[in-house]
Amino acid sequence: MAAAKEEIELQGVRLTSPDKVLYPEQGVTKRELAEYYLAVAGVMLPHVARRPITLVRCPTGRARKCFYQRHAGSGMPAELKQIPIEGFEEPYLYLEDVRGLVALVQMGVLEIHPWNSHVDQPHKPDQVIFDLDPGEGLAFPDVVAAAHELRARLAGLGLRSVPKTTGGKGLHLVVPIERRYEWRDVKSFAKAVGDLMAKDAPDRFLTKQSIAERRGRIYIDYLRNDPTSTAVAPYSTRSREGAPVSVPLTWDEVVPDLDPRAFTVRTVPARVAGLTADPWADIAGLKQRLPKLT
DNA sequence: GCTAGAC
DNA sequence: GTCTAGCAACGCTTC
DNA sequence: GAAGCG
Ligand SMILES: [Mn+2]
Ligand SMILES: [Mn+2]
């Protein structure tokens with residue numbers, strides 16, 4: 001039995017201990033995770049490249065100690081760049097291309113949380129995110145129904161939106177916007193829309209965080225729209241059991257029997273390879289304006 | 001995973 | 001040389 | 001002012 005190779009190179013980026021297991025339940029290794037990101041890089045990078053990122057790192061595997069990281073410290077691969085951002089003391093991390101994704105795997109990153117803005121205009125978000133979090137007692141079909149209702153509500157305001165799974169129990173809706181608003185305006189718009197939903201159906205929606213009050217309802221988490229409070233990226237893995245992935249969907253895929261746990265590091269590459277078009281293709285780069293909500 | 005500091 | 005600690009942080013909510 | 005939440 002030959003010893004496992006201690007170091008390989010992928011896209012010119014060093015990957016040490018490629019056989020180290022990061023997801024023990026499934027036996028997913030660093031090498032397999034890196035190959036996953038190579039497989040999805042083409043569809044993922046438009047949502048991740050050149051945006052400041054916050055990372056969830058589990059260098060000794062998801063079962064051991066994991067930690068958040070937003071700034072470089074020392075000892076980051078050169079493929080992970082840094083950018084100073086006005087209003088923050090320390091520079092933020094970002095990546096440019098697939099080599100940056102491999103470098104994240106080398107650093108044991110299991111979750112990538114990008115800003116809703118780019119490094120060239122970090123204070124001008126280019127999308128609004130609505131995070132639908134089901135309370136205890138609700139099942140995924142309830143989240144699906146909520147997503148369609150929120151979609152219709154946004155459409156009534158003249159806004160197109162697209163859905164994605166989160167890798168957990170909820171769904172995200174993404175609304176691309178023109179880069180002309182400040183963070184506080186985007187966040188207050190998201191809260192206003194959530195409040196409209198909660199006003200019309202207080203038995204089904206709320207915009208308050210309280211876990212206790214959430215039972216049987218869906219929390220419309222508008223607070224993701226802040227540079228210090230991000231949401232997981234499209235095609236990012238989660239550090240949870242099963243190596244689940246956040247996956248962009250078309251609206252006709254958002255049906256009650258959808259099983260978000262079916263999207264994993266092992267299954268999503270085949271989905272991406274079989275796509276004839278990006279599920280979000282027709283809204284890519286839309287420069288929508290937010291209506292005034294008093 | 002990597003580094004800096006303590007021993 | 002070896003071992004260990006650190007690696008985010010804040011806006012909104014209720015109490 | 002402190003604690004829960006993500
Ligand atoms: Mn969520
Ligand atoms: Mn949430």
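Here is the naming used below: chain letters follow the sequence lines, and residue numbers restart at 1 for every chain.
Atom CZ in Phe88(A) sits roughly 9 Å away from atom P in dG11(C) (whole-Å rounding). Rounded to a whole Å, the CZ atom of Arg224(A) is 13 Å from the P atom of dG11(C). When the P atom of dC12(C) is taken as reference, atom CD1 of Ile220(A) falls 17 Å away, rounded to whole Å. Taking atom CG of Asp221(A) as the reference point, atom P of dG11(C) lies 15 Å away to the nearest angstrom. Regarding Met107(A), its CE atom lies at a distance of 8 Å from the P atom of dT3(B), rounded to whole Å. A straight line from CZ of Arg14(A) to C1' of dG1(B) spans 9 Å, rounded to a whole angstrom. The CG atom of Leu206(A) sits 11 Å away from the P atom of dT13(C) (whole-angstrom rounding). If you take CH2 of Trp115(A) and P of dC10(C), they are 12 Å apart, rounded to a whole angstrom.
The same atom, C1', is picked in dA8(C) and in dC5(D); the two are 15 Å apart, to the nearest Å.
Residue contacts shown for Leu55(A) are absent, as no nucleic acid heavy atom lies under 4.0 Å away. When heavy atoms are screened at a 4.0 angstrom cut-off, Asp133(A) is found touching no nucleic acid atom at all. Here Lys65(A) lies out of heavy-atom contact (under 4.0 Å) with every strand. Residue contacts for Ser210(A): at a heavy-atom cut-off of 4.0 Å it reaches no nucleic acid atom on any strand shown.
For Gly27(A) against Glu32(A), the heavy-atom pair with the smallest separation is O-OE1, 4.2 Å. Taking all atoms of both residues into account, the shortest heavy-atom contact from Tyr36(A) to Val265(A) is CD1-O, 3.6 Å. The minimum heavy-atom distance linking Tyr23(A) with Arg62(A) is given by the pair CD2-CD, 3.4 Å.
Note on Lys208(A): a side-chain N or O is less than 4.0 Å away from OP1 or OP2 of dT14(C). OP1 or OP2 of dG1(B) lies within a sub-4.0 Å distance of a side-chain N or O belonging to Lys20(A). Listed pair Arg214(A) / dG6(D) meets the phosphate criterion, a side-chain N or O lying under 4.0 Å from OP1 or OP2. Proximity of Tyr222(A) to the phosphate of dT13(C): a side-chain N or O atom is located under 4.0 Å from OP1 or OP2. Taking 4.0 angstrom as the limit, Gln69(A) places none of its side-chain polar atoms (N or O) nearer than this to OP1 or OP2 of dG6(C).
Using a cut-off of 4.0 Å between Lys/Arg side-chain N and Asp/Glu carboxylate O, Arg14(A) and Glu9(A) are scored as not salt-bridged.
A donor-acceptor contact under 3.5 Å links the side chain of Gln209(A) to the base of dG4(D).
For Arg70(A), taking side-chain heavy atoms from C-beta onward, the closest of the listed nucleotides dC5(D), dA9(C), dG1(B) is dA9(C). Of the candidates dC7(C), dA8(C), dG11(C), the closest approach to any side-chain atom of Lys187(A) belongs to dG11(C).
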Legend entry - CA sep, side-chain torsions, deciding dist, call: Arg70(A), Glu90(A), salt bridge (Lys or Arg N to Asp or Glu O under 4.0 Å): CA-CA 9 Å; Arg70(A) 36 193 347 166; Glu90(A) 302 232 46; over 6 Å; no
Inset, instruction - Would you sort out whether His172(A) and Phe130(A) count as a ring-ring contact (aromatic ring centres under 6.0 Å, His included), showing the intermediate values? - result: CA-CA 6 Å; His172(A) 289 161; Phe130(A) 293 90; over 10 Å; no
